Chemist: 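Below are the structure tokens for one structure; questions will follow.
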Amino acid sequence: MSVRTRFAPSPTGYMHIGGMRTALFCWLWARRNRGQFILRIDDTDQQRNIDAALGPILDAFRWLGLDWDEGPEVGGPYAPYFQSQRRASYDAALKKLLDAGRAYRDFETPEETQAQREAAEKEKRVYISSRASLSLSNDEVLQRIAEGRAFVVRLLVPRGDKVVIDDHVRGRVEWDCSLMPDPVVARSDGSPLYNFATVVDDAALEITHVIRAEEHLPNTPIQVLLHRALGNKTPEWAHIPYVASPGGKEKMSKRKIDKYRTNPQFQKLFELGDQVLSRIGIDPRSDALSPVMVAYYQQVGFLPAGVLNALVRLGWSLDDQAEFFSLEDMEQKFTLERVIKSAAGLDPDKLLSFQAHWMSQLPASEKLDGCLPFLKKAGLIDDEADPSTRDRVASVIELAGDRLRVFGDIFQLDEFFVVDEDLKIDDKNFQKRVVKPENAIDLLRDLQKRFSNLTDFVAGPIHDLLQGFSAEKQVKVGDVFPALRLCVTGKAQGADLFKSLELLGRECVVRRMDRAIGLAESQRV
RNA sequence: GGCCCCAUCGUCUAGUUAGGUCUAGGACAUCGGAUUUUCAUUCCGGUAACAGGGGUUCAAAUCCCCUUGGGGUCACCA
């Protein structure tokens, strides 16, 4: 029988980075075994707008290149893949349970149940269901139903039994059934609860391996019992650790994002993200996007390969050496047996380092295709980039070299795209290197003249000119280069100065020097 | 609090199943140095961990027990 795994998100409007890691492991295990990966939508909540809430989730899968064999949009032999459309099978299973006496109608009111629970807690004893409704005769039950008395259906937990599983990650885990309350299987309106719907569907879809986050471990005995009561073959289990917040052990959560902002381990990522997002018209402080969501990384300009690599190394390793895995590598090498048991905190630094590695591996043409949308969104180039613009962007990318870790980093070299008037000059350094040094302005004037007369305005000759100039004037290159850089790029540091000058072009360089010299002079008086 | 899970450098991890080859390996981060016109890259080097206590054994990071700590979960949510 071929391996079938599933990922079952509820449509929440965004894809959680931790959920994505779970989904990746599911996908990997299916692919590795040449089985099927299924996307099932757990929407028993009846959301108003499922399409809108599901869209970002599917987008995340598509962005990372994780395809699904069955599920939304693609359908499949076990359709439908939305729990909201599978009610008939839950009703049938419910009837089966009731008929077999494995479940019972509980007429206790929620208040009564709650009171018992509180009483148990007060007396420090374990709460288990009273099962008062179980002593009702068949006729009495029928009568109450006829009277329209509300009831829920509860699974009759076989007290005295044990549930034992052999988890692929955790090994043997067992629970004592005499400690378990009878779980509600169907609400008073007849609709199924999560644990029940999950079990019915996992069986119906012939899921062989339930790979999910550890937080579901407490659900497992209930689901095992349900499978048994229904006469299903129980799937195999693998409870993988959840993704923790950086430097901590708590589950990463969307709601704690403000706390993460103050987390030193998150600093670099937030700085990068804030800088990029603000350039493309997204409010970095908005709740709509945060590092907890997969979309965040896409928006900032991460590569699927970088994100995927970071995710797979969270709780999984191949050996004591390997760090870099392409999706193909993972597919070949992933095993559940090498998934670690303890929770792993997302490490933004390491994520960035994986990202930088995969970016350095990316062919120039793909870097270009990646950067273009960012420059367009920022209004730095036209939406219809003509060939000469594309060439220019390609040259800047080449010049950027390793400085381009994410596509959004292209904004660090915005001096090649802004018009002179919009060029912002780093004032602090400008004061220090241009305004304050007495000879700076004269030197720059002289240099400007020589640039105008240079036959070929390309990196090599510019380099020679600059070297000769500083030798002739008997000044250190450190007194000339930074000042020049500030004038033409506005920045104290950046890519290769000579190539930058060449790319900017003589006219632009001369113009910007003019402007900067004028600025410095006005500030001297 | 009940139930369950977890515990190796700051972080991600290798080593634990079959105890010795572990004076505990790698990566990220960090610190130093080299290269470079700056920054980045690259290269070299350093700092840095078996939570504690008992056993078992010739021998324990590895097996057992306890303690401590961390976490998950306790709904007519998913």
Side-chain angles (χ1 to χ4, degrees), chain A residues 8-12 42-45 83 106 109-110 113-114 117 120-122 124-127 150-154 167 169-171 173-176 179-181 183-195 197-198 213-221 239 241-242 244 246-251 264-265 268 310 313-324 337-338 340-354 356 360 400-405 409 412 429 463 466-467 470 476-478 480-482 484-486 489 491-498 500:
Chain A
S10 3
T12 52
D42 282 13
D43 59 348
T44 50
D45 257 6
Q83 288 194 326
D106 181 7
T109 64
T113 307
Q114 182 59 25
R117 206 172 244 127
E121 196 176 331
K122 213 173 201 172
K124 299 196 172 181
R125 67 185 154 76
V126 181
Y127 165 76
F151 63 87
V152 294
V153 178
R154 291 184 187 273
D167 192 277
V169 175
R170 265 142 238 290
V173 184
E174 63 173 74
W175 294 267
D176 182 349
L179 267 26
M180 291 166 62
V184 174
V185 156
R187 299 183 181 94
S188 48
D189 68 358
S191 63
L193 254 69
Y194 165 75
N195 274 322
T198 296
E214 176 190 6
E215 66 214 62
H216 282 287
L217 206 45
N219 285 325
T220 309
H239 287 91
Y242 55 83
K249 287 289 175 211
E250 312 114 353
K251 215 164 63 166
Q265 293 209 44
K268 260 190 238 174
R313 285 289 289 100
L314 233 46
W316 178 82
S317 66
L318 178 67
D319 53 31
D320 59 339
Q321 299 285 323
E323 293 285 348
F324 298 121
E337 283 61 38
R338 291 199 60 85
I340 200 132
K341 292 175 176 172
S342 51
L346 178 72
D347 183 347
D349 282 334
K350 195 143 186 177
L351 166 63
L352 222 38
S353 133
F354 280 125
S360 75
D402 294 313
R403 291 170 194 79
L404 191 82
R405 296 116 80 221
D409 278 330
Q412 285 175 21
N429 280 296
H463 173 250
L466 248 11
Q467 289 290 356
S470 55
K476 285 179 276 187
V477 293
V480 181
F481 291 13
L484 177 58
R485 183 190 291 279
L486 250 348
T489 71
K491 301 186 175 88
Q493 59 224 9
D496 185 296
L497 180 59
F498 317 117
S500 296

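Bear in mind that the values here come from a model prediction, so they are computed numbers and not experimental data. In the text below, chain A, chain B and the rest are named by the order of the sequence lines, each starting its count at 1.
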Chemist: Report which part of the nucleic acid A/V173 touches: base, sugar-phosphate, or nothing (heavy-atom distance under 4.0 Å, all strands).
Modeler: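 Sugar-phosphate contact only.
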
Chemist: Which nucleotide in the list B/rA78, B/rU38, B/rC12 gets nearest to the side chain of A/K249?
Modeler: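 For A/K249, the side-chain atoms sit closest to B/rC12.
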
Chemist: From the set B/rC4, B/rU37, B/rC6, return the single nucleotide nearest to any side-chain atom of A/W175.
Modeler: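 Nearest to the side chain of A/W175 among the choices is B/rC4.
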
Chemist: Touch check for A/L466, heavy atoms < 4.0 angstrom, all strands: base, sugar-phosphate only, or nothing?
Modeler: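 No contact.
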
Chemist: How far, in whole Å, is B/rG53 from B/rA34 if one measures between their P atoms?
Modeler: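 Each nucleotide's P atom is 44 Å from the other's.
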
Chemist: Classify the nucleic acid contact of A/V152 as base, sugar-phosphate or nothing, counting any heavy atom under 4.0 Å across all strands shown.
Modeler: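 If one applies the 4.0 Å heavy-atom cut-off, A/V152 turns out to touch a base.
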
Chemist: Rounding to an integer number of angstrom, what distance separates B/rC6 and B/rU57 when you compare their P atoms?
Modeler: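 28 Å, rounded to whole Å.
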
Chemist: Is there a donor and acceptor pair, one atom on the side chain of A/R403 and one on the base of B/rC39, closer than 3.5 Å?
Modeler: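 Between B/rC39 and A/R403, which were checked side chain against base, a qualifying N/O pair under 3.5 Å is present.
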
Chemist: Ignoring hydrogens and angles, are the base of B/rA27 and the side chain of A/D320 linked by a donor-acceptor pair under 3.5 Å?
Modeler: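 Looking at the base of B/rA27, it does not pair with any donor or acceptor on the side chain of A/D320 (distance under 3.5 Å).
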
Chemist: Look at the side chain of A/A344 and decide which nucleotide, out of B/rC12, B/rC6, B/rA78, has an atom nearest to it.
Modeler: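 In terms of side-chain proximity for A/A344, the closest of B/rC12, B/rC6, B/rA78 is B/rC12.
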
Chemist: Using a heavy-atom cut-off of under 4.0 Å over every strand shown, decide if A/D402 touches base, sugar-phosphate, or nothing.
Modeler: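 A/D402: backbone/sugar contact only, no base atoms under 4.0 Å.
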
Chemist: Categorize A/N219 for me: base, sugar-phosphate, or nothing, with a 4.0 angstrom heavy-atom threshold over every strand shown.
Modeler: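 Since a base atom lies under 4.0 Å of A/N219, the category is base.
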
Chemist: Give A/R170 one of three labels, base, sugar-phosphate or nothing, depending on what nucleic acid heavy atoms sit under 4.0 Å from its own.
Modeler: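 A/R170: backbone/sugar contact only, no base atoms under 4.0 Å.
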
Chemist: Using a heavy-atom cut-off of under 4.0 Å over every strand shown, decide if A/P482 touches base, sugar-phosphate, or nothing.
Modeler: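 A/P482: no heavy atom of the nucleic acid under 4.0 Å.
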
Chemist: Under 3.5 Å, is there an N or O donor on one side and an acceptor on the other linking the side chain of A/Q321 and the base of B/rG25?
Modeler: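 By the distance-only test, no, there is no pair.
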
Chemist: How would you label the contact of A/L193 with the nucleic acid (heavy atoms, under 4.0 Å): base, sugar-phosphate, or nothing?
Modeler: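 It contacts sugar-phosphate atoms only.
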
Chemist: Students often get this wrong, so: under 4.0 angstrom with heavy atoms, is A/E215 touching a base, only sugar-phosphate, or nothing?
Modeler: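 Sugar-phosphate, no base atom in range.
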
Chemist: Classify A/K251 by what it touches in the nucleic acid, base, sugar-phosphate, or nothing, heavy-atom distance under 4.0 Å.
Modeler: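 Sugar-phosphate, no base atom in range.
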
Chemist: Tell me what A/G345 touches on the nucleic acid: a base, only sugar-phosphate, or nothing, going by heavy atoms under 4.0 Å.
Modeler: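 Result for A/G345 = sugar-phosphate.
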
Chemist: Would you classify A/H216 as touching base, sugar-phosphate or nothing, given that sugar-phosphate means primed atoms plus P, OP1 and OP2, and contacts are heavy atoms under 4.0 Å?
Modeler: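 Base contact.
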
Chemist: NA contact type, A/D319, heavy-atom cut-off 4.0 Å: base, sugar-phosphate, or nothing?
Modeler: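 Sugar-phosphate, no base atom in range.
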
Chemist: Any idea which of B/rA29, B/rC4, B/rC5 is nearest the A/K268 side chain?
Modeler: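 That would be B/rA29.
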
Chemist: Quote, to the nearest angstrom, the P distance that separates B/rC9 from B/rA24.
Modeler: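 Approximately 14 Å lies between the P atom of B/rC9 and that of B/rA24.
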
Chemist: Heavy atoms under 4.0 Å, any strand shown: does A/S188 hit a base, just sugar-phosphate, or nothing?
Modeler: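 Base, at least one base atom sits under 4.0 Å.
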
Chemist: If the threshold is 4.0 Å, N to carboxylate O, is there a salt bridge linking A/E214 and A/K251?
Modeler: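 Salt bridge between A/E214 and A/K251, a charged N being under 4.0 Å from a carboxylate O: no.
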
Chemist: Counting side-chain heavy atoms from CB outward, which of B/rU37, B/rU73, B/rA78 is closest to A/P218?
Modeler: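 For A/P218, the side-chain atoms sit closest to B/rU73.
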
